[in-house]
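Have a look at the structure below before the remarks.
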Protein chains: 2
Amino acid sequence: MTSSAAERDLRRAAVRVTKQRVAVLDAVRRHPHADADTIIADVRGELGSVSTQAVYDVLHALDEVGLIRRVEPAGSPARYDPRVGDNHHHLVCRRCGRMVDVDCATGAAPCMEPVAAQGFSVNEAEVIFWGYCPDCQSLGPTHAG
Amino acid sequence: MTSSAAERDLRRAAVRVTKQRVAVLDAVRRHPHADADTIIADVRGELGSVSTQAVYDVLHALDEVGLIRRVEPAGSPARYDPRVGDNHHHLVCRRCGRMVDVDCATGAAPCMEPVAAQGFSVNEAEVIFWGYCPDCQSLGPTHAG
DNA sequence: GCATAAAATGGAATTGTTCCAGTTAACGAG
DNA sequence: CTCGTTAACTGGAACAATTCCATTTTATGC
């Protein structure tokens with residue numbers, strides 16, 4: 001088996017390369033914004049078996065070295081985003097939970113403005129837009145309307 | 001005991017007024033951005049005893065009628081904010097979890113811009129600024145640096 | 001190949017929150 | 001102001017997502 005993209009990226013990030021790690025990174029890339037359960041299921045499909053713990057460990061490790069990004073919308077388990085290195089934001093459907101990327105529409109990181117508000121030193125602005133995805137608009141809100 | 005502010009607000013919101021509800025609303029107002037545990041402890045201090053469930057129920061009810069607002073920063077239990085009706089955002093300390101309100105610094109709801117992005121209909125923009133509070137800046141990051 | 005430290009395993013434990021069935025209490029009608 | 005209806009509260013069990021722990025396995029440097 002030749003060196004996959006995931007494998008190279010892991011090696012470059014100076015972390016040990018294991019089949020579990022390669023599989024998890026590939027899974028996140030195949031399913032952008034998926035939750036841990038989805039990743040675990042996908043990885044099990046690839047490798048036959050992996051411990052739940054291993055997947056959580058890998059997701060943390062990948063997040064730490066910046067190969068993936070953890071996003072945690074209110075009321076949802078954590079999601080994992082393979083797109084990193086830019087400061088894009090997210091749009092989440094209130095009904096089905098679907099999540100898509102959005103570039104900061106008003107320019108470069110407009111929301112970083114209040115850098116020194118109340119004596120805080122701010123280094124990240126996390127923006128989540130809530131609404132309804134195309135499929136769910138017709139159906140109307142199920143709850144939390 | 002005369003009708004308290006909390007009591008009046010509840011009545012106006014057309015929900016039943018119970019001592020638990022009054023106590024919870026007062027507790028949230030006394031401790032802005034507190035989590036459920038803190039509210040439960042405070043309410044128990046006031047009333048002697050309340051079921052955990054009752055407090056959760058009330059918090060949900062108050063959120064639903066718009067008397068409080070639920071905020072859920074990543075990695076933290078839900079917090080409850082008594083300030084409602086405006087679209088202010090939050091600043092959260094990575095070290096101690098302290099949360100403060102911030103008005104949207106770049107004008108009126110600048111982050112609502114991508115209203116129709118990708119076919120979604122957006123009706124809320126949630127912004128969380130991450131950084132270090134004045135007290136924690138000197139101490140440096142404990143983790144997640 | 002061998003040593004060693006990092007990663008994976010499996011199982012139990014936590015945390016925050018919700019579900020459920022039964023009891024209590026608020027409040028509108030009489 | 002008593003009664004009935006229905007919402008709210010109680011207590012206890014259940015749950016989902018995640019983490020902790022001790023042990024075993026495995027990737028990588030020498």
Side-chain angles (χ1 to χ4, degrees), chain A residues 1 3-4 6-25 27 33-41 43-44 46-65 67 70-80 97 143-144, chain B residues 1 3-4 6-8 10-25 27 33-41 43-44 46-65 67-68 70-80 97 143-144:
Chain A
M1 183 166 284
S3 181
S4 70
E7 206 174 320
R8 262 180 287 111
D9 293 336
L10 283 166
R11 224 171 279 284
R12 198 171 308 150
V15 294
R16 284 200 187 171
V17 178
T18 65
K19 60 183 191 241
Q20 291 89 341
R21 292 181 163 211
V22 173
V24 169
L25 182 49
H33 311 125
D35 60 15
D37 270 6
T38 305
I39 302 301
I40 289 168
V43 171
R44 293 219 165 112
E46 285 297 307
L47 301 183
S49 89
V50 235
S51 68
T52 300
Q53 196 44 219
V55 176
Y56 274 105
D57 281 351
V58 174
L59 288 171
H60 280 156
L62 297 183
D63 182 30
E64 215 144 282
V65 300
L67 284 173
R70 183 189 186 142
V71 188
E72 232 182 294
S76 157
R79 317 280 198 93
Y80 299 89
H143 59 285
Chain B
M1 182 165 287
S3 179
S4 70
E7 207 175 320
R8 262 180 287 112
L10 283 167
R11 223 171 280 284
R12 198 171 308 150
V15 294
R16 282 198 188 172
V17 179
T18 65
K19 59 182 193 245
Q20 290 90 342
R21 288 179 168 213
V22 173
V24 169
L25 182 49
H33 311 126
D35 59 15
D37 270 4
T38 305
I39 301 301
I40 290 168
V43 171
R44 295 217 163 114
E46 287 295 309
L47 301 184
S49 88
V50 234
S51 68
T52 299
Q53 196 44 219
V55 176
Y56 274 106
D57 281 352
V58 174
L59 289 170
H60 280 156
L62 298 182
D63 182 31
E64 217 144 279
V65 300
L67 283 173
I68 65 175
R70 183 189 186 144
V71 188
E72 233 181 294
S76 159
R79 317 281 196 93
Y80 299 89
H143 59 287

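Just so it is clear, the structure is predicted and the values come from calculations on it, not from any experiment. Just so we're on the same page: letters track the sequence lines, and every chain starts at 1.
- For the pair B/D35 CG and C/dT15 P, the computed distance is 13 Å after rounding to whole Å.
- Checking C/dT17, C/dC27, D/dC9 against every side-chain atom of B/A36, the shortest atom distance belongs to C/dT17.
- Phosphate contact (OP1/OP2 of D/dT26, side-chain N/O of A/Q20, threshold under 4.0 Å): absent.
- Within the 4.5 Å cutoff, side-chain heavy atoms of A/S4 are placed close to those of A/V22.
- Using a 4.0 Å heavy-atom distance criterion, A/R79 is classed as making no nucleic acid contact.
- Contact of A/R16 with C/dA5 (side chain to base): a donor-acceptor pair of N or O atoms is detected under 3.5 Å.
- Side-chain contact check for B/R44 and B/T52: at least one donor-acceptor pair (N or O, by modelled atom type) lies under 3.5 Å.
- In this structure, A/E64 atom CD and D/dT19 atom P are separated by 12 Å, rounded to whole Å.
- Whole-Å rounding puts the B/R11 CZ to D/dA8 P distance at 13 Å.
- Using a 4.0 Å cut-off, some side-chain N or O of A/Y56 falls inside it from OP1 or OP2 of D/dT18.
- Checking the phosphate oxygens (OP1, OP2) of D/dA27, no side-chain nitrogen or oxygen of A/R21 falls inside 4.0 Å.
- Between C/dG16, D/dA17, C/dA8, one nucleotide has an atom nearer to the side chain of B/P77 than all others, and that is C/dG16.
- Residue A/D37 is classed as a sugar-phosphate contact, given heavy-atom separations below 4.0 Å to backbone atoms only.
- If you take CG on B/L62 and OH on B/Y80, they are separated by 10.0 Å, rounding to the nearest 0.5 Å.
- Each of B/V17 and B/A78 was matched to the nucleotide of DNA chain C holding its nearest heavy atom; the match closer to the 5' end belongs to B/A78.
- The nearest whole Å value for the distance from the OH atom in B/Y80 to the C1' atom in C/dT17 is 9 Å.
- Between the C1' atom of C/dT24 and the CG atom of B/D57 lies a distance of 14 Å, rounded to the nearest Å.
- Nearest heavy-atom pair, B/A61 versus B/R21, reported as atom, atom and distance to 0.1 Å: CB-NH2, 3.9 Å.
- Across the protein-nucleic acid pair, A/L10 atom CG and C/dA8 atom P stand 10 Å apart, rounded to whole Å.
- Listed nucleotides: C/dA8, D/dG11, C/dC27. Nearest to the side chain of B/Q53: D/dG11.
- Proximity of A/H60 to the phosphate of D/dT19: a side-chain N or O atom is located under 4.0 Å from OP1 or OP2.
- In this structure, the side chains of B/E46 and B/K19 stay at 4.5 Å or more apart for every pair of heavy atoms.
- For A/I40 and C/dG10, the CD1 to P distance is 13 Å, given to the nearest whole Å.
- For B/A54, taking side-chain heavy atoms from C-beta onward, the closest of the listed nucleotides D/dT28, C/dA8, D/dT10 is D/dT10.
- Per the geometry, NZ belonging to B/K19 stands 12 Å off C1' belonging to C/dA26, to the nearest Å.
- Taking 4.0 angstrom as the limit, B/T52 places none of its side-chain polar atoms (N or O) nearer than this to OP1 or OP2 of D/dG11.
- Residues A/L47 and A/V50 are in side-chain contact: their nearest non-hydrogen atoms beyond the backbone lie under 4.5 Å apart.
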